[in-house]
Amino acid sequence: MRLRLHHAHPWDLTPQEAIAIQQRLRRFVRLEDDLPETVETVAGVDVGFKNENRITRAAVAVLDFPSLQLIAHSSAETPTAFPYIPGLLSFREIPAVLRALEKLAHLPALLLCDGQGIAHPRRFGIASHLGVLLDHPTIGVGKTRLIGHHGPVPDEKGAWVPLEDNGEIIGAVVRTRKGVKPLYISPGHRLSIESAVRWVLACTTRYKLPETTRWAHRLASEG
DNA sequence: GCGACAG
DNA sequence: ATCTTGTCGC
């Protein structure tokens, strides 16, 4: 589908300017549930690198919901134009992600992104950034923590505890599989924390990572 | 000044 | 993220 998005080219941005953009866009993030009545497709978005990080490859895996069967996918490669800086990950990965999304016939109802949503120093991780640019529901699925603190997570699938920063709840630490490190879940845009957790669990079967993420990771890394 | 630090 | 074999535990 056609995506008309204006934004500065990452290679022209200084970290300070990138931070200013996050501060300007964060006000558009909405945490009220705003999804279609019926969600028929969910997608995983992930990025991989080639040629010593010179090439960024993004992949989108579209799954039917709730069967979680892969029904479509797309990918795109772009020259890597921004370094990896904690807190500014989206400026490195989003350009390729947008190119991959453009190749889809239809935008999936919900996008699960690798990384954080609002569980970010400025509450504007990659899932929120992508969600605001598209004004579309997104969830951040992080394998590790960027910011925030939390208590122990019961070792039972589906158990979760709030992720907190300065007295503010910014996400959830979720046990998607017994005996395995939990996932750091936070809303990107158009969902509440509780809903984000529910959707991630609904997309997870027998593995730590949701099926959406597993497919996207596979498509972004290999051939 | 000393740690922490998504992918 | 990426480089990579075997190995511990349910």
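Values in this document were obtained by computation on a predicted structure and should not be read as measured data. Residue numbering restarts at 1 for every chain, and letters A, B, ... go by the order of the sequence lines.
In this structure, the CG atom of Leu163(A) is 12 Å from the C1' atom of dA6(B), given to the nearest Å. Rounded to an integer number of Å, the gap from CZ of Arg145(A) to P of dA6(B) is 8 Å. In this entry the distance linking CG of Leu112(A) with P of dG7(B) reads 14 Å, nearest Å. The interatomic distance linking Ile94(A) (CD1) with dG7(B) (C1') rounds to 13 Å, in whole Å. Taking atom CG on Asp165(A) and atom C1' on dA4(B), their separation rounds to 13 Å, with Å as the unit. Between the C1' atom of dA1(C) and the CZ atom of Phe91(A) lies a distance of 19 Å, rounded to the nearest Å. Here the P atom of nucleotide dT2(C) and the CD atom of Glu222(A) are 12 Å apart, to the nearest Å. Per the geometry, CD1 belonging to Ile139(A) stands 16 Å off C1' belonging to dA6(B), to the nearest Å.
Between Phe91(A) and His129(A), the gap from one ring centroid to the other is short of 6.0 Å.
Residue contacts for Gly179(A): at a heavy-atom cut-off of 4.0 Å it reaches no nucleic acid atom on any strand shown. Nucleic acid contact for Leu88(A): base, since at least one base atom lies under 4.0 Å from a heavy atom of the residue. Residue contacts for Gly140(A): at a heavy-atom cut-off of 4.0 Å it reaches no nucleic acid atom on any strand shown. Here Lys178(A) lies out of heavy-atom contact (under 4.0 Å) with every strand. Residue Ile147(A) is classed as having no contact, given no heavy-atom separation below 4.0 Å to the nucleic acid.
When each of dG7(B), dA6(B), dA4(B) is scored by its nearest atom to the side-chain atoms of Lys143(A), the top-ranked nucleotide is dG7(B).
Put simply, the side chain of Lys181(A) never gets that close to the backbone of Lys143(A): no donor and acceptor are under 3.5 Å apart. At distances below 3.5 Å, not a single donor-acceptor pair connects side-chain atoms of His136(A) with backbone N or O atoms of Gly131(A).
DNA chain C is contacted by both His217(A) and Arg177(A); His217(A) maps to the nucleotide lying nearer its 5′ end (nearest heavy atom per residue).
Looking at heavy atoms from C-beta onward, Val200(A) lies out of side-chain contact with Val174(A) at the 4.5 angstrom threshold.
In this structure, Tyr84(A) counts as stacked on the base of dG7(B) under the 5.5 Å centre distance and 30° plane angle limits.
An OP1 or OP2 oxygen of dG7(B) is reached within less than 4.0 angstrom by no side-chain nitrogen or oxygen of Arg92(A). OP1 or OP2 of dG7(B) has at least one side-chain nitrogen or oxygen of Thr144(A) nearer than 4.0 Å.
Screening Ile139(A), Thr138(A), Leu111(A) for a side chain to side chain contact (heavy atoms under 4.5 Å, CB included) involving His189(A) leaves a single residue, Thr138(A).
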